[in-house]
Peer 1: 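Okay, handing you the structure first.
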Amino acid sequence: GVEVGPQPQGVARADILDKMRKIVKHGLDFVQLFNEGREFPPCTIEVFKIMEKVDYPRNKNDEVIAIIHPKLQDQDWQPLNNGDPLFLTLDGEVIAYKGDCTVYPTFINEAAYYEKKQAFVKTVKMKLTARHIRCQS
């Protein structure tokens with residue numbers, strides 16, 4: 001499967017649809033070239049590994065007491081460092097990220113994840129290396 005976004009729940013955006021079409025086309029091109037015997041050299045790619053789902057701050061009654069901080073909103077895949085703002089309480093208090101490493105949040109404040117108690121997902125950036133591949137006839 002291919003998930004391309006972000007885009008609001010229930011909304012079809014032309015730019016996101018175009019990105020999805022391009023990635024599917026690249027995948028199909030790869031399969032065709034592989035099946036034709038093309039050899040692909042070793043490569044390294046940067047990926048983001050999901051580490052943890054983060055909920056909104058809640059009170060003892062399980063009610064949300066803070067919203068995504070404006071500086072974090074719309075910053076999917078951008079580095080988040082110790083001390084950077086995460087949440088803003090309804091009283092105006094900033095809740096900062098307390099972590100021992102840089103993370104890359106994604107799915108920030110997505111409406112589809114409210115019911116799942118997910119404010120965002122913390123990911124870490126890593127590199128994967130693939131050996132060369134070739135179709136064995």
Side-chain angles (χ1 to χ4, degrees):
V2 176
E3 182 177 341
V4 182
Q7 66 181 352
Q9 186 177 7
V11 173
R13 289 180 38 171
D15 59 331
I16 302 298
L17 182 60
D18 185 54
K19 288 178 183 179
M20 184 272 306
R21 284 182 175 142
K22 285 179 182 174
I23 194 70
V24 169
K25 182 184 179 314
H26 287 304
L28 293 173
D29 289 346
F30 170 82
V31 170
Q32 180 177 349
L33 291 170
F34 179 80
N35 287 341
E36 290 172 355
R38 163 82 69 79
E39 183 171 349
F40 293 88
C43 66
T44 301
I45 185 171
E46 254 182 12
V47 298
F48 294 88
K49 180 180 179 183
I50 293 175
M51 300 306 292
E52 175 185 8
K53 295 175 183 177
V54 178
D55 191 8
Y56 294 89
R58 295 177 183 271
N59 64 18
K60 62 183 177 185
N61 297 323
D62 204 35
E63 298 166 327
V64 173
I65 59 168
I67 58 175
I68 295 293
H69 192 280
K71 289 187 177 177
L72 180 60
Q73 185 64 53
D74 301 321
Q75 297 302 307
D76 294 80
W77 311 113
Q78 298 304 308
L80 181 67
N81 299 295
N82 188 42
D84 288 348
L86 276 183
F87 298 104
L88 186 62
T89 69
L90 301 178
D91 296 333
E93 179 186 340
V94 173
I95 300 172
Y97 171 61
K98 293 181 173 91
D100 55 358
C101 69
T102 299
V103 295
Y104 298 82
T106 189
F107 303 114
I108 301 169
N109 204 25
E110 292 275 342
Y113 297 114
Y114 271 63
E115 65 190 36
K116 296 178 182 188
K117 297 184 175 184
Q118 181 179 309
F120 63 92
V121 173
K122 285 195 308 190
T123 70
V124 291
K125 192 185 293 191
M126 55 189 304
K127 291 186 179 187
L128 296 179
T129 301
R131 299 180 309 226
H132 78 282
I133 59 171
R134 180 182 211 159
C135 181
Q136 299 297 323
S137 301

Peer 1: Quick check: does any side chain N or O of Asp91 sit under 3.5 Å from a backbone N or O of Glu93, one acting as donor and the other as acceptor?
Peer 2: no

Peer 1: Does any N or O in the side chain of Asn82 come within less than 3.5 Å of the main-chain N or O of Asp100, such that one atom is a donor and the other an acceptor?
Peer 2: no

Peer 1: Under 3.5 Å, sequence neighbours excluded: what are the donor-acceptor pairs made by side chains of residues 65-74?
Peer 2:
residue : atom : partner : partner atom : Å
His69   : ND1  : Lys71   : N            : 3.0
Gln73   : OE1  : Asn109  : ND2          : 3.0

Peer 1: Could you check Tyr113 against Phe120 for side-chain contact (heavy atoms from CB on, under 4.5 Å), going step by step and ending with a plain yes or no?
Peer 2: CA-CA 8 Å; Tyr113 297 114; Phe120 63 92; over 6 Å; no

Peer 1: Take atom CD of Glu36 as the centre, draw a 6.0 Å sphere, and report whether it contains more than 12 heavy atoms from other residues, nucleotides or ligands.
Peer 2: yes

Peer 1: Measure the OG1-CD1 distance between Thr123 and Ile50 for me, rounded to the nearest 0.5 Å.
Peer 2: 7.5 Å

Peer 1: So if you build clusters from Ile, Leu, Val, Met, Phe, Trp, Tyr with side-chain heavy-atom gaps below 4.5 Å, do Val121 and Tyr114 land together?
Peer 2: no

Peer 1: Within a 6.0 Å radius of atom CZ on Arg58, are there more than 12 heavy atoms belonging to other residues, nucleotides or ligands?
Peer 2: yes

Peer 1: Checking Phe48 now: which residues fulfil ring pair (Phe, Tyr, Trp, His ring centres under 6.0 Å) with it, not counting sequence neighbours?
Peer 2: Trp77, Tyr104

Peer 1: State yes or no: do Ile16 and Ile108 share one hydrophobic cluster built from I, L, V, M, F, W and Y residues joined by side-chain heavy-atom distances below 4.5 Å, directly or via other members?
Peer 2: no

Peer 1: Taking the side chain as everything from C-beta on, heavy atoms only, tell me whether Arg38 gets closer than 4.5 Å to Arg134.
Peer 2: no

Peer 1: Hey, is CD1 on Ile23 packed in by over 12 heavy atoms from elsewhere, all under 6.0 Å?
Peer 2: no

Peer 1: Do Ile95 and Leu88 come within less than 4.5 Å of each other through their side chains, counting heavy atoms only?
Peer 2: no

Peer 1: Do side-chain atoms of Asn81 reach the backbone of Asp84 as a donor and acceptor pair under 3.5 angstrom?
Peer 2: no

Peer 1: Between Met20 and Leu17, does a side-chain contact (heavy atoms from CB on, under 4.5 Å) hold up when you go through it step by step?
Peer 2: CA-CA 5 Å; Met20 184 272 306; Leu17 182 60; 3.3 Å; yes

Peer 1: Test side-chain contact (heavy atoms from CB on, under 4.5 Å) on Lys117 and Asp62; report intermediate values, then the result.
Peer 2: CA-CA 10 Å; Lys117 297 184 175 184; Asp62 204 35; 2.4 Å; yes

Peer 1: Whether the Thr129 and Thr44 side chains hold a donor-acceptor pair (N or O, under 3.5 Å, no angle test) is what I'd like checked.
Peer 2: yes

Peer 1: For a quick test of reading the model, state the closest non-hydrogen atom pair linking Pro85 to Val94 and the distance between them.
Peer 2: CB-CG1, 3.7 Å

Peer 1: Quick one: CZ on Arg131 to SG on Cys43, what's the gap to the nearest 0.5 Å?
Peer 2: 12.0 Å

Peer 1: I need the Lys25 NZ to Gln32 CD distance, nearest 0.5 Å.
Peer 2: 9.0 Å

Peer 1: Would Asp18 and Lys22 count as a salt bridge (charged side-chain N to carboxylate O under 4.0 Å, His left out) if you check the C-alpha gap in whole Å, the side-chain angles of each, and the deciding distance to 0.1 Å?
Peer 2: CA-CA 6 Å; Asp18 185 54; Lys22 285 179 182 174; 3.3 Å; yes

Peer 1: Assess whether side-chain contact (heavy atoms from CB on, under 4.5 Å) is satisfied between His132 and Glu39, documenting all intermediate values.
Peer 2: CA-CA 7 Å; His132 78 282; Glu39 183 171 349; 3.0 Å; yes

Peer 1: Looking at CE of Met126 and CE of Met51, how far apart are the two atoms once the value is rounded to the nearest 0.5 Å?
Peer 2: 8.5 Å

Peer 1: Hey, does Tyr97 have a side-chain heavy atom less than 4.5 Å from the side chain of Lys122?
Peer 2: yes

Peer 1: In Å, rounded to the nearest 0.5 Å, how long is the span from NZ of Lys49 to CG of Leu128?
Peer 2: 9.5 Å

Peer 1: Is there a path of hydrophobic side-chain contacts, each under 4.5 Å between heavy atoms of I/L/V/M/F/W/Y residues, joining Leu80 to Phe107?
Peer 2: no

Peer 1: Atom CZ of Phe87 and atom CG of Asp55: how far apart are they, to the nearest 0.5 Å?
Peer 2: 7.5 Å

Peer 1: State whether the number of non-hydrogen atoms from other residues, nucleotides or ligands found under 6.0 Å of Ile45 atom CD1 is greater than 12.
Peer 2: no

